[in-house]
Colleague: 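Got a structure for you, written out below as structure tokens; questions coming shortly.
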There are 2 protein chains.
Amino acid sequence: METAARPLTRIQQEKREIILEAALDVFSANGFRGSTIDQVADAAGMSKPNLLYYFRSKEEIHATLMERLLHTWLAPLHEFDDGDDPITEIRGYIRRKLEMARDFPRESRLFANEILQGAPRIMSLLEGELKQLVDKKARIIRKWMRAGKIARTDPYHLIFAIWATTQHYADFDVQVRAVLGPDRDGEGRFEDAARFLEQLFIGSLRV
Amino acid sequence: METAARPLTRIQQEKREIILEAALDVFSANGFRGSTIDQVADAAGMSKPNLLYYFRSKEEIHATLMERLLHTWLAPLHEFDDGDDPITEIRGYIRRKLEMARDFPRESRLFANEILQGAPRIMSLLEGELKQLVDKKARIIRKWMRAGKIARTDPYHLIFAIWATTQHYADFDVQVRAVLGPDRDGEGRFEDAARFLEQLFIGSLRV
DNA sequence: GCAATTTTTGACCGGTTGGACAAAGGTTAG
DNA sequence: CTAACCTTTGTCCAACCGGTCAAAAATTGC
């Protein structure tokens, strides 16, 4: 009584979830080409052929992972919206992005890996959905500037700078830790970063 | 009549140079594990066994490349020095780092790749040479702050932010281009970035 | 021109990897 | 119990990849 287009059973959904979780671990640590199906299968607690029963290929795992990741990834920018107080809005965006770097470093690294390789699989999304979203937010920022609520500057590069500085704490984590040294290790660095970034961005935007 | 430790012939030096140049191209585009010796040999215009006559292994090519890269990479930070005018000094550092992102994007990406993978091969350098260098520069910055020449903030996170924002234009180049769109493409984006970053950092540091 | 040395190459090898497949094991509905 | 279906696994394969090796080709020193 099922439809011709196979609906996923609950077991299938659960196993696919486990595999994606394992793949996120492995891919983000070793890169796509540096990872093997066996490693993912191992991390997922199943055999390679079993894994390939749920995903037809290594590529398909990666593609599925990327698709989900991008939704999560763009969420903070979607939330960024026209509000009474631009400073509050921007501060909130920075805070959310920094929290994502802290709570989802694997996702950040996987994304960074993809972009570094030239983003072959998500180029169309970057040029389409992402560009339009950024265009929209840039218009909001420009409006604030015209209204004299924040200092005039390039909204695109402002957004790039927020991305770069926040994601740095996920993507370059080992370097940050190495430079800060063992004494300044621990999650305290994220609070220091939050204070610093707020001062950096808000300080330069205040009129 | 040569000494026991074989001195490199001119041909050997030239060929090694050609190989390293080709390897930088290939490794920075595909990552170390995503690249094959054949690809490098191809790009260098020679056969694989011939390439392996000049470098004993793929690892050795990568290690040699990394070593050279790191010297170039830390040069701007070495130049950053105690001066009369902190603003000029910081502005100059930002400009030099941004120029490196523009002129040596492959080096930047290779470095980013290494850090992303956990920096297994250069960890000791990060914890040693790099940390000490940053510590030294952080002390200079703190001195400026105590003298009331720039606003008080965390010098380490300031340096991280400069790294992140400037390298972003090399490492995330495809994303930057995609978001700016075809009309804002071209090298003009680096000048826009320079103006923006100056305003961002100098604006927030001014007392 | 000839011998020693350096450079280049074709052929090959062992290990790894992505993926196929058929058969076995398990589950569910009647 | 049994037939149909879903899940799991052992085995296998072809392609790829890093690296070796011996022999050919080119270069160099005399």
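So that the names make sense, note that chain A is the first sequence line, chain B the second, and so on, each numbered from 1. As the structure is a computational prediction, the values presented were derived from the model and not from experiment.
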Colleague: Between A:R33 and A:S47, just flag the one whose closest nucleotide in DNA chain D comes earlier from the 5' side.
Modeller: A:S47
Colleague: Give the rounded distance in Å between these two atoms: CG of B:D38 and P of D:dT20.
Modeller: 15 Å
Colleague: Can you check whether A:N50 has a side-chain N or O nearer than 4.0 Å to OP1 or OP2 of D:dT7?
Modeller: no
Colleague: Side chain of A:I37 only, please: which of C:dT9, C:dG19, D:dG19 is the nearest?
Modeller: C:dG19
Colleague: Does the side chain of B:L110 reach to within under 4.5 Å of the side chain of B:F32, using non-hydrogen atoms?
Modeller: no
Colleague: Check this for me, if you would: do A:R189 and A:D185 make a salt bridge, where the nitrogen-to-carboxylate-oxygen distance has to be below 4.0 angstrom?
Modeller: yes
Colleague: Check the phosphate of D:dT11 against A:K48, side-chain N and O only, distance under 4.0 Å to OP1 or OP2. Yes or no?
Modeller: no
Colleague: B:P49 side chain: which of D:dG18, D:dC21, C:dT8 is closest?
Modeller: D:dC21
Colleague: To the nearest Å, how far apart are B:D42 CG and D:dG18 P?
Modeller: 13 Å
Colleague: Measure from NZ or CZ of A:R16 to the centre of the six-membered ring of A:F55, then state whether that distance is under 6.0 Å and the direction lies within 45° of the axis.
Modeller: yes
Colleague: Tell me whether the side-chain N/O atoms of B:Q12 come closer than 4.0 Å to OP1 or OP2 in C:dT7.
Modeller: yes
Colleague: Taking CZ from A:F27 and C1' from C:dG18, how many angstroms apart are they, rounded to a whole number?
Modeller: 12 Å
Colleague: Rounded off to whole Å, could you give me the NE2-to-P distance for the A:H62 and C:dT17 pair?
Modeller: 18 Å
Colleague: Are OP1 or OP2 of D:dT7 and a side-chain N or O of A:Y53 less than 4.0 angstrom apart?
Modeller: yes
Colleague: So does B:Y54 get a side-chain nitrogen or oxygen closer than 4.0 Å to the phosphate oxygens (OP1/OP2) of C:dT8?
Modeller: yes
Colleague: Going by an N to O cut-off under 4.0 Å, is there a salt bridge joining B:E187 and B:R102?
Modeller: no
Colleague: Rounded to the Å, how far apart are A:R16 CZ and D:dT7 P?
Modeller: 12 Å
Colleague: When the distance from CG of A:L51 to P of D:dT7 is rounded to whole Å, what number comes out?
Modeller: 14 Å
Colleague: Side chain of B:K58, base of D:dG19: donor and acceptor closer than 3.5 Å?
Modeller: no
Colleague: Decide, yes or no, whether a salt bridge links A:D171 with A:R109 under the criterion of side-chain N to carboxylate O below 4.0 Å.
Modeller: no
Colleague: May I have the distance from A:Q13 (atom CD) to D:dC6 (atom C1'), rounded to whole angstrom?
Modeller: 15 Å
Colleague: Send over the distance from A:Q39 CD to C:dG19 P, rounded to a whole Å.
Modeller: 15 Å
Colleague: With sugar-phosphate meaning primed atoms plus P, OP1 and OP2, does A:L52 contact a base, only sugar-phosphate, or nothing at under 4.0 Å between heavy atoms?
Modeller: base
